Amino acid sequence: MIIDNPKELCYSDYIGNSRALCFDYGDKRVGVAVSDINWMIASPLKTLPSNGIFNSIFDIFREYRISVIIVGAPKTLSGISSGKQFEKVKKFTLKLEELINEKALNLKIIYWDERFSSVAVNRYFNEAEMSISKRKDNIDKVAASFILQGFLDFVTTGLV
């Protein structure tokens, strides 16, 4: 089920019992990050190729006891979800929802603003003086963790 408003979900049902997972969808790669069981810390998990991603993600759902999926939504500076990349993310999310329903899994999907995630991650890499090759290998999953951390901070600070 795709939830349009993150305030619609009662997170206390999940915190301490399951984890949140985040996808940062791109044309070539998808960054994946996972929360801890208490929904305090987001950690980069892996980067998967966009093509064929659905073959491997259900193992992740089981292994990490996922209950909520966050999908990074590209937005304009005015906060509107639109454009070609958002349409690609939406197509990915709808396919994900369809497969979740086919497998009768009780997973919730929430779009979360991903604006500036790549900028923040590149700043982090610059400060860490990370090599270009290591950046390329890590940027997608670190961006996913940045997006997920924003969501976790929103949920755990009592704003929901």
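Please read all numbers here as calculations on a predicted model, not as lab measurements. FYI, the numbering just counts along the sequence from 1.
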Legend entry - Side chain to side chain, Lys141 and Val32, heavy atoms closer than 4.5 Å: no
Inset, instruction - For residues Met1 and Ile109, determine if any side-chain heavy atom of one lies less than 4.5 Å from a side-chain heavy atom of the other. - result: no
Inset, instruction - Please examine the side chains of Leu96 and Ile69, heavy atoms only from C-beta on, and report whether any two atoms are closer than 4.5 Å. - result: yes
Legend entry - Nearest atoms (heavy-atom pairs only) where Asp24 meets Ala143: OD2-CB, 3.3 Å
Inset, instruction - To the nearest 0.5 Å, tell me how far Glu102 CD sits from Glu97 CD. - result: 11.5 Å
Inset, instruction - Give the intermediate values and the outcome of side-chain contact (heavy atoms from CB on, under 4.5 Å) for residues Glu114 and Phe146. - result: CA-CA 9 Å; Glu114 72 164 15; Phe146 183 87; over 6 Å; no
Legend entry - Taking every non-hydrogen atom, the tightest pair across Phe154 and Pro6: CE2-CB, 4.4 Å
Inset, instruction - Find out whether Asn17 and Ser67 are in side-chain contact, i.e. whether some heavy atom of one side chain is under 4.5 Å from a heavy atom of the other. - result: no
Inset, instruction - Quick one: pull up SG in Cys22 and CD1 in Ile147 and give me the separation to the nearest 0.5 Å. - result: 5.0 Å
Inset, instruction - Measure the shortest side-chain to side-chain distance between Val34 and Ile66 over non-hydrogen atoms and say whether it is less than 4.5 angstrom. - result: yes
Legend entry - Listed once per pair and sorted, the salt bridge (Lys or Arg N to Asp or Glu O under 4.0 Å) pairs that draw on residues 45-55, sequence neighbours left out: none
Legend entry - Minimum-distance pair of heavy atoms, taken over all atoms of Ala144 and Ala33: C-CB, 3.5 Å
Inset, instruction - Would you check if Leu21 and Ile70 make a side-chain contact, meaning some heavy-atom pair closer than 4.5 Å? - result: no
Legend entry - Beyond-backbone contact of Asp27 with Lys88, side-chain heavy atoms, under 4.5 angstrom: yes
Inset, instruction - Evaluate the side-chain proximity of Asp140 to Val30: yes if any heavy-atom separation is below 4.5 Å, no if none is. - result: no
Inset, instruction - Kindly confirm or rule out a cation-pi arrangement of Lys103 over Phe58, judged by NZ or CZ under 6.0 Å from the six-membered ring centre and within 45° of its axis? - result: yes
Legend entry - Distance flag, aromatic centroids of Phe151 and Tyr11, threshold under 6.0 Å: yes
Inset, instruction - Could you please spell out the steps behind the side-chain hydrogen bond (donor to acceptor under 3.5 Å, both in side chains) verdict for Asp153 and Gln149? - result: CA-CA 6 Å; Asp153 290 347; Gln149 190 64 55; 2.9 Å; yes
Inset, instruction - Taking only Lys NZ, Arg NE, NH1 and NH2, and the carboxylate oxygens of Asp or Glu, determine whether Glu98 and Lys95 approach each other closer than 4.0 Å. - result: yes
Inset, instruction - Look up atom CG in Leu107 and atom CD1 in Ile2, then write down how far apart they are to the nearest 0.5 Å. - result: 12.0 Å
Inset, instruction - May I ask you to decide whether Asp36 forms a salt bridge with Arg19, counting only side-chain N to carboxylate O separations under 4.0 Å? - result: no
Inset, instruction - Measure the acute angle between the ring planes of Phe92 and Tyr25, then classify it against the limits of 30° and 60° as parallel, tilted or perpendicular. - result: parallel
Inset, instruction - Grab the two heavy atoms, one from Ala42 and one from Ser145, that are nearest each other, plus how far apart they are. - result: CB-O, 3.4 Å
